[in-house]
Amino acid sequence: MPQPLNYLKETASQTAGPYVHIGLIPAMAGFDIFEKNFSNVLVTPNTQGERITLEGKVIDGSGTPLRDVLLEIWQANAAGRYNHPADRSTGALDEEFRGWGRAGSDFESGLVTFETIKPGAIIDKTGRKGAPHINVWIVARGINIGLNTRLYFSDEEAANAADPVLNLIEQPVRRSTLIARRSERAGKIVYSFTINLQGPEETVFFDV
Amino acid sequence: MHAQALASRDPRLNRPEPFTPPLGDGGFFQRDRSMHPPAHAPGYKSSVLRSPRQALLSLENSVSEITGPVFGHNDLGPLDNDLIRNYAKDGDPVGERIIVHGRVLDETGRGVPNTLVEFWQANAGGRYRHKKDTYLAPIDPNFGGCGRALTDDTGYYYFRTVKPGPYPWRNYVNSWRPAHIHFSVFGSGFAQRLITQMYFEGDPLIPVWRILTTIPDQDALERLVAPLDLNASAPFDSLACRFDIVLRGQRSTYFENRTAGN
Ligand SMILES: [Fe+2]
């Protein structure tokens with residue numbers, strides 16, 4: 001027998017369950033407990049960048065919106081820089097932007113919203129530019145292991161066409177499942193998305 | 001059903017010198033999905049309409065995956081890791097007082113420092129403080145059922161709570177969940193993000209629980225079971241149990257393949 005490698009094994013994922021709000025968004029469960037809470041608002045009044053509302057639903061295999069889903073987003077700032085030491089790109093950090101937020105869907109409509117900024121283009125470790133995007137992680141009752149996907153922006157056609165991740169998707173028709181649609185509503189910029197868990201329009205999910 | 005081995009009995013969990021892969025791109029080790037329940041697990045009925053059917057697209061980790069949110073003590077309050085006191089109104093919550101402690105490690109055995117761990121649970125009667133929970137067991141006026149902690153420099157975390165009760169759920173007519181605590185862990189990169197659950201050694205409901213039994217690997221299942229840790233108990237106060245959580249390992253970044261001048 002050779003020497004054992006003795007790596008540990010990743011702890012098994014388990015569903016977040018129907019009561020995920022208790023731990024992660026207690027106000028949605030119906031009570032107030034922490035002095036400081038995380039939320040779906042990523043910006044402060046001083047954050048740099050174009051203010052956007054990100055809004056959408058997660059749809060199950062019957063076409064019904066999930067009303068107990070929780071999404072987290074992780075994104076770069078307006079200069080394309082992630083607020084994390086492993087991002088060694090040269091864009092300026094923004095102290096007023098952590099780049100992370102979480103939101104539970106509305107218990108009636110299933111609508112999920114975030115108030116954030118549009119991120120800048122990303123420089124990857126080989127120096128290549130990636131299209132601006134937001135990383136999304138989805139958990140809920142019935143989801144055994146968190147789902148990873150991305151949202152790109154409909155008004156970034158040229159950057160999207162050159163994006164190395166979008167181009168990994170073999171069927172061009174499936175790339176559109178990752179594009180959030182820009183519109184203007186009452187003077188605010190809104191990007192709308194639909195995440196389909198199943199069906200002909202199933203969203204592209206990543207094994208990251 | 002074996003519980004997670006205590007570090008003192010399992011040399012894998014107290015390796016003196018963490019193994020350091022010498023050449024890497026900073027990406028995380030490929031996730032071994034045989035260690036996880038499958039997305040589509042018909043024994044867990046809710047998974048049927050909520051599981052993707054297309055193959056996941058494997059993504060070489062980029063800066064978007066190896067980075068993730070950074071949290072600090074400023075994000076937390078002083079009672080956040082004390083579920084016995086953080087919602088107490090006119091006394092302590094009812095139930096068996098327990099300390100839950102352990103380390104967040106990565107697959108190389110290194111502690112994951114300064115990472116956010118969040119936890120939530122039912123009260124001692126198996127009832128959640130949640131507007132959608134209608135189980136007939138009563139709400140405990142002194143128990144919220146959630147908390148959070150940052151790991152220290154070695155990846156260690158701890159909190160105090162009461163042991164949750166088992167509760168019924170709609171899967172089959174007579175389905176019960178074993179007592180459990182939900183955990184949410186971040187790690188250093190967004191690709192390490194994990195939600196899991198801790199179970200208690202010796203609980204007879206564990207082997208019949210349909211969500212748990214969808215994990216194909218028996219050892220992976222047993223690693224979700226926290227053993228009694230009598231040494232960590234507070235005499236005449238609280239029992240303790242130990243729960244170590246392992247996140248994906250990460251390749252180092254000592255050498256880069258970027259061409260000079262780029
Ligand atoms: Fe639960």
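We name chains A, B, ... by the order of the sequence lines, and we start the count at 1 in each one.
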Practice item. Any chance you could lay out the ring pair (Phe, Tyr, Trp, His ring centres under 6.0 Å) test for A/Phe38 and B/Phe71, step after step, and finish with the verdict? Key: CA-CA 11 Å; A/Phe38 302 122; B/Phe71 300 97; 5.2 Å; yes
**Study point:** Under 3.5 Å: donor-acceptor pair, side chain of B/Gln54, backbone of A/Phe205
**Key:** no
Exercise for review: Determine, for A/Glu10 against B/Arg223, whether the closest basic-nitrogen to carboxylate-oxygen distance falls under 4.0 angstrom.
Suggested key: no
Point to revise | Carboxylate-amine/guanidinium proximity below 4.0 Å for B/Asp32 and A/Lys9 | key: yes
Practice item. Mind ranking B/Leu49, B/Val70, B/Leu76 by heavy-atom pairs under 4.5 Å with chain A and telling me who comes out on top? Key: B/Leu49
Practice item. Tell me, with the steps shown, if A/Thr11 and B/Leu247 meet side chain to side chain contact (heavy atoms under 4.5 Å, CB included). Key: CA-CA 7 Å; A/Thr11 298; B/Leu247 302 179; over 6 Å; no
Point to revise | Near-ring test B/Phe186/A/Trp74, centroid separation under 6.0 angstrom | key: no
Review point. Which residue pairs pass the side-chain hydrogen bond (donor to acceptor under 3.5 Å, both in side chains) test when at least one of the two sits in residues 162-173 of chain A, sequence neighbours left out?
Key: A/Tyr152-A/Asp163
**Study point:** Residue pairs, two or more places apart or on separate chains, that pass side-chain hydrogen bond (donor to acceptor under 3.5 Å, both in side chains) and touch residues 54-71 of chain A
**Key:** A/Glu55-A/Arg185, A/Asp60-A/Ser62, A/Ser62-A/Thr64, A/Asp68-A/Arg141, A/Asp68-B/Arg50
**Study point:** Approximate separation, where rounding is to 0.5 Å, of B/Ile195 CD1 and A/Leu70 CG
**Key:** 7.0 Å
Study note, to complete from the structure: Between A/Ile33 and B/Gly144, the two heavy atoms sitting closest are CD1-CA, 4.1 Å
**Study point:** Residue part contacting chain B, namely of A/Glu72, when any heavy atom lies under 4.5 Å
**Key:** both
